[in-house]
There are 2 protein chains.
Amino acid sequence: MSNSSSARGLSTGGATRIQKRNRAAILDAALDVFSTHGFRGATLDQIAGAAGLSKPNLLYYYKSKEAIYTALLEALLDTWLDPMRALDPEGDALGEILAYVRRKLDMSRSHPRESRLFANEIVQGAPHIHNALAGDLRALVDDKAALIQSWIDAGKLAPVHPHHLIFSIWSLTQHYADFDVQVRAVLGDEDPFAAAPGFLDTLYRRMLQP
Amino acid sequence: MSNSSSARGLSTGGATRIQKRNRAAILDAALDVFSTHGFRGATLDQIAGAAGLSKPNLLYYYKSKEAIYTALLEALLDTWLDPMRALDPEGDALGEILAYVRRKLDMSRSHPRESRLFANEIVQGAPHIHNALAGDLRALVDDKAALIQSWIDAGKLAPVHPHHLIFSIWSLTQHYADFDVQVRAVLGDEDPFAAAPGFLDTLYRRMLQP
DNA sequence: GCTCAATTTGACCAGCCGGTCAAAGGCACG
DNA sequence: CGTGCCTTTGACCGGCTGGTCAAATTGAGC
């Protein structure tokens, strides 16, 4: 035999070609469905249909709806936080912040489903990732907030509350993904991402220039 | 008889005392449930339980789940937009903007359920209020954006894209209600609303001071 | 306290939803 | 080409969900 263990619970490393293909298809389909309907609003039939599988086949790869959902959240959480991790203590303070804003805005444009997935989860009280928020996320944010504070103390940024500065970046950038329909309804034909980068750049320059 | 028509479809004006009480209880319960679970995630049993009624009794006052939901959205949409309507063309430009920000932030603190109700609806594509967004909301925003542009042209505000300025106010203020769990998970014991007003005041002063 | 509408309820239903299972079909390897 | 696992499927299940209905109860004006 070419594979010594069942599909359930395998790490992707030891997976069959078929397993890789189907698991990827499932997670992509699940991202589509969960991000537009939320956890409870999504159905296994929808996900199975979008992945091109039957429902029992879906459950052959992930043992429950919740297993799909948490696998998806775990796989995406790290990626989602990478732009913040990239804040470089050695870099130019204002330049680092502006680059972070730019990276987050780019993610809102290129990965709106991921943004809405987390938005749905958090608006509804983050029942599945509350631990990650109070653990890893908080530690990361505290670390970067301290970095920002050190920049302020060194006179490289105008004084602001570092945590609220970070919240503002999340809020302003993800707004374009999470509230996309509203933004487009108000703007009409104008592409939101045409003026957004310049607007945010100006906002943070004026606010943070020492 | 004291009342010539059935409960269904009555305007609140001609409603019995019992009708008023129960309809209010239903809408309050529905706000609780819909804002934390979204439309599809909410169940009639949850709403009926929270309102202290049986499910058939619930459906005696509103003929379907969707009827409750749309009644709730309609009743709240006007209230939700009042802070923007209050922008006064005759007032001091920067002061008007700062007061608007403050009103919106106060609504996030005092009415987080309403904020999350709309957040859920819009993140999931606004299937029930898309018309209101592209109609009334857009008209109102265009009107106020023109006002802001006139302030900019008169040299009373630093130049920014008026629509994106409005988006930023929605985003930054509602973030504290919609992403409450995340904000609190990161801040720990610190009350988000302690520093938020000062932070936003500073942000908009620095960005908009001509 | 009678009358009649307003209100409330228990029983019920059809459809959906997450999940199970045994059996059938593929696939790779000797 | 046979063996044995991997993969897929159709049929099915119990519980929940939105919604209905006829009957019972309550409330207000006379």
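Treat the numbers as computed from the prediction; the structure is a model and nothing was measured. Order of the sequence lines sets the chain letters (A, B, ...), proteins ahead of strands, with each chain counted from 1.
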Original post:
Does a donor on one side chain and an acceptor on the other come within less than 3.5 Å for A:His111 and A:Asp106?
Top reply: no
**OP:** Using the six-membered ring of B:Tyr62, assess whether NZ or CZ of B:Arg23 lies under 6.0 Å from its centre and within 45 degrees of the ring axis.
**Re:** yes
Original post:
Could you give the CD-to-C1' distance, from B:Gln19 to C:dT7, as a whole number of Å?
Top reply: 9 Å
Original post:
Which residues within residues 32-50 of chain B lie with some heavy atom under 4.0 Å of an atom in DNA chain D?
Top reply: B:Ala42, B:Thr43, B:Leu44
**OP:** Sort out for me which residue in B:Asp28, B:Asp180, B:Asp178 forms a salt bridge (Lys or Arg N to Asp or Glu O under 4.0 Å) with B:Arg113.
**Re:** B:Asp28
Original post:
Taking atom types as modelled and ignoring hydrogens, do the side chains of B:Ser168 and B:Tyr204 form a donor-acceptor contact shorter than 3.5 angstrom?
Top reply: yes
Subject >> Point-to-point distance, once rounded to the nearest 0.5 Å, from CG of B:Leu105 to CZ of B:Arg102 >> reply: 6.5 Å
Original post:
When you check the phosphate oxygens OP1 and OP2 of D:dA28, does a side-chain N or O of B:Arg17 lie under 4.0 Å from one of them?
Top reply: yes
**OP:** List the steps and the verdict of salt bridge (charged side-chain N to carboxylate O under 4.0 Å, His left out) for B:Arg103 and B:Asp82.
**Re:** CA-CA 9 Å; B:Arg103 284 193 296 272; B:Asp82 276 344; over 6 Å; no
Subject >> Closest contact, heavy atoms only, B:Leu208 versus B:Val160 >> reply: CD2-CG2, 4.0 Å
**OP:** Calculate the interatomic distance between A:Lys65 atom NZ and C:dC17 atom P; express it in whole Å.
**Re:** 9 Å
Expected rows: protein N/O vs nucleotides 9-11 of chain C N/O, under 3.5 Å:
residue : atom : partner : partner atom : Å
C:dT9   : OP2  : B:Ser54 : OG           : 3.3

**OP:** Using atom CD1 of B:Ile18 as one end and atom C1' of D:dT26 as the other, report the distance to the nearest whole Å.
**Re:** 8 Å
Original post:
Would you say D:dC6 has OP1 or OP2 under 4.0 Å from some side-chain N or O of A:Asn22?
Top reply: no
Original post:
B:His161 and A:Ala195: which non-hydrogen atoms are nearest, and at how many Å?
Top reply: CD2-CB, 3.6 Å
